[in-house]
Amino acid sequence: MFEDNNLLYNVNEKDFFMTRVSHLDIPFSRKWKKIGVNVSGGADSALLCFLLGKIITDNKLDCKIDIITYQRCWDTRPWQGWWSLQVFNKLKDMFPDIIQNRHTTFIPPQLEHGVSGELVDGRSGDQIIVGEFNKFAAWQNNLDAIFNGTSKNPDDLREDRMKNRDGEANNARPRDVLYYFSKLRFHLCHPLRFVKKDWIVAQYHLYNITDLYYTTRSCEGDINHNRPVSDVVPSFAHYVPGMDVPTCNECWWCEERRWADERVPDMIREINGKL
């Protein structure tokens, strides 16, 4: 499991080391003093931040974590910012001496991939903003690395998935999981790029941190397209932070999470070598 993924890390720096988590390697450097993690409020990025906090703790490293959050779809999913803050607060409670600041920025709804499509060199507006703000945040806050928790699609779950998450590790390049920006002197790390959500959700059970899992929200159902949501929040003006907004149980992200939840027992057996 993950043999092709782990072979992508071709790092010769003596301060780098790998931590193997359920067969998956996650890179880190003893030289890093502050790193950033993109935390959206979803399960993937929350788990990655937990694992990084644990790596720092277990290895007694002098390294802090800043959270970077992108405020998205403010007029159709105004609750997303509130959910990401709950995840930040939960992680801060788990690692009070390691989790430090929360940096937020804004993505205009018109520049989301689903609205504008690809704009420049095969990238959508939101992808450009995420990439550029990560670089800005690294420069502005002296970050040695930034981790992104984007994961891989389940195989052929639905046609309306984001196809750029379909890649396979055996066709990838080392820069797809770890890339060094020499001018800005920071590493960009995507350790979950070729990892499916069933493995990710299984970690919450294996580490006994399901309370963190249930703090996350994956649903991207919105006011304009999903009746279970719009019945409760007819418009962004009706939303009050913290109100109970149901998941739509219709969107791709709800189906991916449901698939992963159902797969957890088999995935744990696979991780333990019993399948």
Side-chain angles (χ1 to χ4, degrees), residues 34-50 52 65-92 99-141 143 145-153 161-162 164-165 179 181 184 186-193 197 200 212 215-224 229 236 239 241-242 245 247 251-254 256-257:
K34 186 193 290 189
I35 64 172
V37 185
N38 293 159
V39 173
S40 63
D44 302 357
S45 58
L47 175 73
L48 178 57
C49 193
F50 165 81
L52 294 169
I65 296 176
D66 278 3
I67 301 300
I68 301 170
T69 295
Y70 297 87
Q71 182 67 50
R72 314 179 75 143
C73 303
W74 70 272
D75 56 348
T76 59
R77 297 197 292 270
W79 46 85
Q80 285 196 321
W82 183 87
W83 278 96
S84 68
L85 181 59
Q86 306 320 299
V87 172
F88 169 79
N89 289 338
K90 186 69 174 177
L91 289 164
K92 178 73 173 172
I99 306 288
Q100 300 289 293
N101 306 301
R102 180 174 181 256
H103 310 290
T104 63
T105 191
F106 172 72
I107 296 178
Q110 297 89 343
L111 295 181
E112 292 284 351
H113 183 274
V115 178
S116 65
E118 297 176 354
L119 296 178
V120 179
D121 296 332
R123 295 194 300 166
S124 59
D126 62 313
Q127 291 170 329
I128 293 169
I129 292 171
V130 169
E132 291 303 308
F133 189 79
N134 273 338
K135 289 191 284 187
F136 170 75
W139 171 72
Q140 181 78 3
N141 301 288
L143 303 179
I146 291 180
F147 283 78
N148 182 288
T150 300
S151 61
K152 175 179 165 52
N153 286 326
R161 66 190 184 276
M162 292 187 68
N164 63 347
R165 293 176 59 209
Y179 180 74
F181 288 90
L184 295 169
F186 85 100
H187 286 86
L188 181 63
C189 308
H190 286 86
L192 305 182
R193 174 161 276 170
K197 196 180 286 290
I200 289 167
L212 174 60
T215 304
T216 69
R217 182 182 174 100
S218 299
C219 173
E220 293 203 355
D222 66 37
I223 291 168
N224 291 338
V229 173
F236 70 87
Y239 175 69
V245 180
T247 56
C251 69
W252 191 94
W253 305 94
C254 277
E256 182 193 36
R257 185 156 172 150

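Start at 1 with the first residue, then count along the sequence.
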Q | Interatomic distance, Cys254 atom SG to Arg217 atom CZ [nearest 0.5 angstrom] | A | 7.5 Å
Q) Any side-chain heavy atom of Arg123 sitting closer than 4.5 Å to one from Ile128? A) yes
**Q.** Donor-acceptor pair, side chain of Asp222 and main chain of Arg77, under 3.5 angstrom
**A.** no
**Q.** Sole residue of Ile68, Leu85, Asn89 in side-chain contact (heavy atoms from CB on, under 4.5 Å) with Arg102
**A.** Leu85
Q) Looking at Gly122 and Gln127, what are the two nearest heavy atoms and their distance? A) O-OE1, 4.2 Å
Q. Between Leu184 and Trp139, what is the shortest heavy-atom contact and its length?
A. CD2-CB, 3.9 Å
Q. How close do Gly125 and Ser116 get, heavy atom to heavy atom, and via which atoms?
A. N-OG, 4.0 Å
Q.
Within this structure, what is the CG-OG1 distance for the pair Leu212 and Thr216, rounded to the nearest 0.5 Å?
A. 7.0 Å
Q: Could you grab the distance from atom NE2 of His103 to atom CD1 of Ile67, nearest 0.5 Å is fine?
A: 9.0 Å
Q | Tyr70 side chain vs Ile107 backbone, donor-acceptor pair below 3.5 Å | A | no
Q | Candidate pair Lys135 and Phe186, rule side chain to side chain contact (heavy atoms under 4.5 Å, CB included), full reasoning | A | CA-CA 9 Å; Lys135 289 191 284 187; Phe186 85 100; 4.0 Å; yes
Q: Quick one: closest heavy-atom pair of Leu192 and Gly149, and the distance?
A: CD1-O, 3.8 Å
Q. In Å, rounded to the nearest 0.5 Å, how long is the span from CG of Asn224 to CG of Asp75?
A. 7.5 Å
**Q.** Pair Val115-Leu111, side chain to side chain contact (heavy atoms under 4.5 Å, CB included): steps then yes or no
**A.** CA-CA 6 Å; Val115 178; Leu111 295 181; over 6 Å; no
**Q.** Phe136 and Phe133 aromatic centres sub-6.0 Å
**A.** yes
List the atom pairs, with distances to 0.1 Å, where a side-chain N or O of residues 34-45 and a protein N or O form a donor-acceptor pair under 3.5 Å, not counting sequence neighbours.
unit_1	atom_1	unit_2	atom_2	d
Asn38	OD1	Asn134	ND2	3.1
Asn38	OD1	Asn148	ND2	2.9
Asn38	ND2	Asn134	OD1	2.9
Ser40	OG	Gly42	N	3.1
Ser40	OG	Ser45	OG	3.4
Asp44	OD1	Lys197	NZ	2.5
Asp44	OD2	Ser151	OG	2.6
Asp44	OD2	Lys197	NZ	3.3
Ser45	OG	Ser40	N	3.1

Q.
Using side chain to side chain contact (heavy atoms under 4.5 Å, CB included), reason through Glu256 and Ser218 one step at a time and then give a plain yes or no.
A. CA-CA 9 Å; Glu256 182 193 36; Ser218 299; over 6 Å; no
Q) Roughly how far, to the nearest 0.5 Å, is the CD atom of Gln86 from the CH2 atom of Trp79? A) 15.0 Å
Q.
Nearest 0.5 angstrom please: Glu112 CD to Ile129 CD1, how far?
A. 8.0 Å
Q) Which pair of heavy atoms, one from Phe106 and one from Pro109, lies closest together, and at what distance? A) CZ-CD, 4.1 Å
Q.
Walk me through whether Ile65 and Phe147 qualify under side chain to side chain contact (heavy atoms under 4.5 Å, CB included).
A. CA-CA 10 Å; Ile65 296 176; Phe147 283 78; over 6 Å; no
Q.
If I compare all heavy atoms of Ile223 with all of Val229, which pair ends up nearest, and what's the gap?
A. N-CG1, 4.2 Å
